S.K.: 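Right, I'll just put the structure down here and ask away after.
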Amino acid sequence: MVYYIYDGSYIGFLTAVFDCFDLKDKAVKVVTKEQYSPSFFDEGFEIISDSVKAKRVLNGLNKKLKKAQVNDFYCVFLSEDLQAVQYTFDLICELFRQGADILENYGDEKVVYFAKTLKSVGREKHRMKAFVRFKKATDGMYFAIIDPDFNVLPLIFRFFKNRYADQRWLIYDVKRNYGLMYTLQQIVEVKLLPLEKQALATTEVIAFDEDEVYYQNLWKQYYQSTNIEARRNMKLHLQYVPKRYWKYLVEK
Amino acid sequence: MDRIQEKLMILADAAKYDVSCSSSGSKRKNKGGIGDASASGICHTYTEDGRCVSLLKILLTNHCIYDCAFCVSRKSNDVKRAAFTVEEVVEITMNFYRRNYIEGLFLSSGIFKNADFTMERLMRIVKKLRTEERFHGYIHLKTIPGASEELIKEAGLYVDRMSINLELPTEAGLKLVAPEKDHESVRKPLAFVQNHIKELQSESALIKHKPLFVPAGQSTQMVIGATPESDYQIMSVADEFYKNYQLKRVYYSGYIPINSDNVLLPQVGTQPPLIRENRLYQTDWLLRFYDFKLDEILNPQFQNLDMDIDPKLGWALRNPQFFPIDINTADYKQIIRIPGIGRQSAMKIIKARKFGKLREYQLKKIGISYNRAKFFMICADSPFTLGEMSMMNVKQSILQFGNSKYKNTIPENQLSLF
Ligand code: SF4
């Protein structure tokens, strides 16, 4: 068994795939620096992220698969789930050796787990598109905080960019401590200092637009009025909006 | 409470009986403004009744010159009345949209003065949103029966979806509770819009930038359980409307009693027929996506759906000669007819079996509902059984197994269970 230790980035991960072929290693486990604990029996090999190598792996995948399928690997990678990342690694290696149709083998545990994770990430991605609630600051910036189960911000920012093309916005992932900001020209990554992040919790760092609370109240009113009491069904309600998402929702 | 908030309370409350909240099916892209309706629909939240909230669904006004007995806004009903101005609707829509509360607007109205007067107001709202606010989000407009074709045609250039409700499944039913209304005034605009969509399609080869015209198509809604139609009658109407007007959706809305004066209608306090509504949606789904013909599920001999089991299972139990289906050799169309197997799992099965015959443990992982499906299929290691199990027993076992699931069936608009 060889441990490939990478920096946690997707480029690092793809570099690992490249090196695995280059070095003709067989039983490889991919781990990040944080996940790795050295042992006597296994070898540890540090992967140096290399965008040229990563690009070559992507090119290889693009030749064998449709664009959306290639993107699936990235989505599952963003689950940050150790098992799913390992299977992704194994599947990419297998696919280069045996051909793309191994991905359709739903009789194989790896494929099933991969598909399941892909679905979970997709669901979280969809939920974030739905549950992000912007608050308008005095300077006209629309601001939202998220804390998703998976690292889905890279998967949703284009959606917001297309949609909110004429307003400046910032979506901040407090769990992973980074955010993406749209400046009307481009998307930039922002990172808050620990102190700023703390201050976020109190919401006092941002001065909100004078109409902000007014529209929040209107929305709450709408939410109540559109409900049909005779059809009340809390079980179904909770299935669609699990409690852990309530913190996002103005109307809750 | 501020006046706008009060209006919103009244006019959202009056609009909520329209069940459609779909925001999918359009292809409107953001062109130098705000909004994008090209993605598949998004539910931004859910009400406590478990319905999706995707659009800001409001009436322009609940003043109405008609007196349809099944409707809260009917003239004779003693409710608070209100009316938004054009500007107010635009402002609320934009501010909600910019905060990512909604996908867009669902606008409808009671009829004040006359059809065209009302329609003209609605038109001004959608036009302002598109041209002045440069809003490219989703707009669903419920057209007013009797409005002029010019107005409908112009509105069609700004909206994504249009709808006009049948209200009651049959003309006879309608006459009982809304004598001033008829189905003809629904058919006419549906046909008019549909023809215009087709015309534009056939011209499209000639015109470079063909205008978007109702890109998400049309829909309608029927109220279920207010009048005594059978499920067969209801679904026959739906089937006909899907075929003749290429509707994107037919909605079935379980009647919620709101009228104590009319003795023909279910009285206030009666439970809305939620399970029945669910079964109708399941049937609708089977017709549109599972390649079932209506008479396989409902026909003059079998007029009403089972309430305790879903229509696909019901069909399977009535047709034992189709089963068991061999999962390793049957084609897709056969596999999706197996109770407990949906379209996605069927696709996976077809792909996976290329790698070798599928066994029970694999099928369980693929995501089918094995405990239901097992009675209707065989796989590589299915135990050899002597003789056939009677369908009566199958139903018993399934009902027993899925006891909680079937006894407290949850009505859903979007169904995944078969
Ligand atoms: S015309 Fe429409 S709003 Fe008016 S009473 Fe009839 S259903 Fe209600």
Side-chain angles (χ1 to χ4, degrees), chain A residues 101-109 111-113 115-116 119 126 129-136 142 144 159-160 162-167 169 211-212 214-241 245 249-252, chain B residues 1-2 4-5 8-13 15-17 29-30 32-36 38-39 42-53 56-58 92 95-96 98-101 134 137 254 256-257 271-272 274 348-349 351-356 358-359 362 365-367 408 410-412:
Chain A
D101 57 350
I102 57 133
L103 293 179
E104 302 194 333
N105 187 2
Y106 290 98
D108 176 357
E109 198 182 328
V111 176
V112 172
Y113 194 87
K116 206 182 90 198
K119 206 169 169 185
H126 197 75
K129 286 183 189 171
F131 296 157
V132 158
R133 296 282 182 270
F134 285 121
K135 297 189 173 120
K136 189 178 180 187
Y142 287 80
F159 166 84
F160 285 102
N162 289 339
R163 172 166 292 204
Y164 299 110
D166 71 346
Q167 72 190 39
W169 52 259
D211 279 347
E212 180 52 36
Y214 174 72
Y215 281 107
Q216 286 183 20
N217 285 336
L218 269 191
W219 176 242
K220 284 183 204 158
Q221 180 64 55
Y222 174 71
Y223 180 72
Q224 274 172 28
S225 301
T226 198
N227 182 45
I228 300 180
E229 200 47 45
R231 300 180 65 112
R232 192 180 161 83
N233 186 341
M234 282 309 276
K235 204 174 142 200
L236 190 62
H237 174 71
L238 287 173
Q239 187 186 320
Y240 287 134
V241 200
Y245 295 100
L249 306 176
V250 173
E251 63 272 19
K252 279 290 173 198
Chain B
M1 193 188 287
D2 129 273
I4 303 278
Q5 191 168 342
L8 187 61
M9 184 177 88
I10 296 168
L11 296 169
D13 184 85
K16 69 189 177 188
Y17 300 97
K29 289 225 166 85
N30 189 356
I34 175 173
D36 188 329
S38 63
I42 294 178
C43 295
H44 283 275
T45 190
Y46 291 85
T47 50
E48 292 190 348
D49 55 36
R51 290 180 313 147
C52 155
V53 179
L56 168 65
K57 194 189 300 177
I58 47 173
I92 299 174
N95 273 288
F96 280 7
R98 288 192 181 280
R99 288 170 175 76
N100 204 42
Y101 297 166
R134 297 194 301 161
I256 293 158
Q271 269 300 306
L274 299 182
K348 284 187 185 162
I349 288 169
K351 285 177 176 169
R353 69 188 187 190
K354 285 186 286 186
F355 297 86
L358 295 177
R359 302 174 155 266
Q362 291 169 312
K365 285 205 169 163
I366 271 179
N408 319 314
I410 304 164
E412 293 175 59

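In the text below, chain A, chain B and the rest are named by the order of the sequence lines, each starting its count at 1. Note that the structure is a prediction, hence the values are computed from the model and not measured.
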S.K.: Quick one: pull up SG in B/Cys43 and NE2 in A/His126 and give me the separation to the nearest 0.5 Å.
M.R.: 6.5 Å
S.K.: Nearest 0.5 Å, please: how far is CD in B/Glu48 from CD in A/Gln224?
M.R.: 8.5 Å
S.K.: Does the side chain of A/Tyr106 come within less than 4.5 Å of B/Lys351's, by heavy atoms?
M.R.: yes
S.K.: Would you check if the side chain of A/Gln167 reaches a backbone N or O of B/Arg98 as a donor-acceptor pair within less than 3.5 Å?
M.R.: yes
S.K.: Which residue out of A/Gly107, A/Ala230, A/Ala130, A/Ala115 racks up the most heavy-atom pairs below 4.5 Å with chain B?
M.R.: A/Ala130
S.K.: Indicate the atoms forming the closest heavy-atom contact of A/Ala165 with B/Gly33, along with that distance.
M.R.: CB-O, 3.9 Å
S.K.: Heavy-atom distance under 4.5 Å to chain A: side chain of B/Lys29, backbone, both or neither?
M.R.: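 When you check distances to chain A, no heavy atom of B/Lys29 falls under 4.5 Å.
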S.K.: Could you tell me which of A/Asn162, A/Val132, A/Val241, A/Ile102 has the largest number of non-hydrogen atom pairs under 4.5 Å with chain B?
M.R.: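 Sorted descending by pairs with chain B, the first entry is A/Val132.
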S.K.: What option among B/Arg134, B/Arg359, B/Gln362 has the most heavy-atom pairs under 4.5 Å with chain A?
M.R.: B/Gln362
S.K.: For A/Tyr245, is it the side chain, the backbone, both or neither that has a heavy atom under 4.5 Å from a heavy atom of chain B?
M.R.: neither
S.K.: Does any N or O in the side chain of B/Tyr101 come within less than 3.5 Å of the main-chain N or O of A/Glu251, such that one atom is a donor and the other an acceptor?
M.R.: no
S.K.: Side chain, backbone, both or neither: which part of A/Lys220 has a non-hydrogen atom closer than 4.5 Å to chain B?
M.R.: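 Interface part for A/Lys220: neither.
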S.K.: Can you list everything that forms a side-chain contact (heavy atoms from CB on, under 4.5 Å) with B/Gln5? Sequence neighbours excluded, please.
M.R.: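 If we apply the side-chain contact (heavy atoms from CB on, under 4.5 Å) test to B/Gln5, skipping adjacent residues, the hits are A/Leu218, A/Gln221, B/Met1, B/Asp2.
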S.K.: In terms of relative ring orientation, are A/Tyr215 and B/Phe96 parallel, tilted or perpendicular, with 30° and 60° separating the classes?
M.R.: perpendicular
S.K.: Side-chain contact test, heavy atoms from C-beta onward, threshold under 4.5 Å: evaluate it for A/Glu109 versus B/Lys365 and give yes or no.
M.R.: yes
S.K.: If you count heavy-atom pairs within less than 4.5 Å of chain A, which of B/Leu8, B/Ile92, B/Ile10 leads?
M.R.: B/Leu8
S.K.: Looking at chain A, which one of B/Val53, B/Leu56, B/Ile256 has the largest number of heavy-atom pairs inside 4.5 Å, strictly under?
M.R.: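 Of the options given, most contacts go to B/Leu56.
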S.K.: For the interface with chain A, which of B/Asp13, B/Asn95, B/Asn30 has the highest count of heavy-atom pairs at distances below 4.5 Å?
M.R.: B/Asn95
S.K.: With a 4.5 Å cut-off on side-chain heavy atoms, are A/Trp219 and B/Thr45 touching?
M.R.: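 SC-SC contact between B/Thr45 and A/Trp219 confirmed.
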S.K.: Against chain B, label A/Lys116 side chain, backbone, both or neither, depending on which of its atoms sit under 4.5 Å from a heavy atom there.
M.R.: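 For A/Lys116, there is no contact with chain B at all, as no heavy atom is under 4.5 Å.
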S.K.: Could you look at B/Ile34 and say if it's the side chain, the backbone, both or neither that has a heavy atom under 4.5 Å from chain A?
M.R.: both
S.K.: Indicate yes or no for a side-chain donor-acceptor contact from A/His237 to the backbone of B/Gly50 under 3.5 Å, with no hydrogens or angles considered.
M.R.: no
S.K.: Answer with side chain, backbone, both or neither: which region of B/Phe355 has an atom nearer than 4.5 Å to a non-hydrogen atom of chain A?
M.R.: side chain
S.K.: Pick one of side chain, backbone, both or neither for B/Ile349, based on which atoms fall under 4.5 Å of a heavy atom in chain A.
M.R.: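 Looking at B/Ile349, nothing touches chain A.
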S.K.: Could you tell me whether the side chain of A/Ile228 reaches within less than 4.5 Å of the side chain of B/Arg51, counting heavy atoms only?
M.R.: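 Yes - at least one pair of side-chain heavy atoms lies under 4.5 Å apart.
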S.K.: Write down the atom of A/Asn105, the atom of B/Ala352, and the distance for their closest heavy-atom approach.
M.R.: OD1-O, 4.3 Å
S.K.: Contact between A/Lys136 and B/Arg99 at the side-chain level, heavy atoms closer than 4.5 Å - yes or no?
M.R.: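 They are in contact (side-chain heavy atoms under 4.5 Å apart), so the answer is yes.
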S.K.: Is the side chain of A/Asn227 donor-acceptor paired with the backbone N or O of B/Asp49 at a distance under 3.5 Å, no angle test?
M.R.: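 It does hold such a pair.
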S.K.: Report yes if the side chains of A/Tyr222 and B/Met9 come closer than 4.5 Å at any heavy-atom pair, otherwise no.
M.R.: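 Side chain of A/Tyr222 against side chain of B/Met9, heavy atoms only: no contact under 4.5 Å found.
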S.K.: If we define contacts as heavy-atom pairs under 4.5 Å, which of A/Leu249, A/Val111, A/Asp101 has the most with chain B?
M.R.: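 Greatest number of close heavy-atom pairs with chain B: A/Asp101.
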S.K.: Do we see a donor-acceptor contact under 3.5 Å between the side chains of B/Asn100 and A/Tyr164?
M.R.: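 Indeed, the side chains of B/Asn100 and A/Tyr164 share at least one donor-acceptor pair under 3.5 Å.
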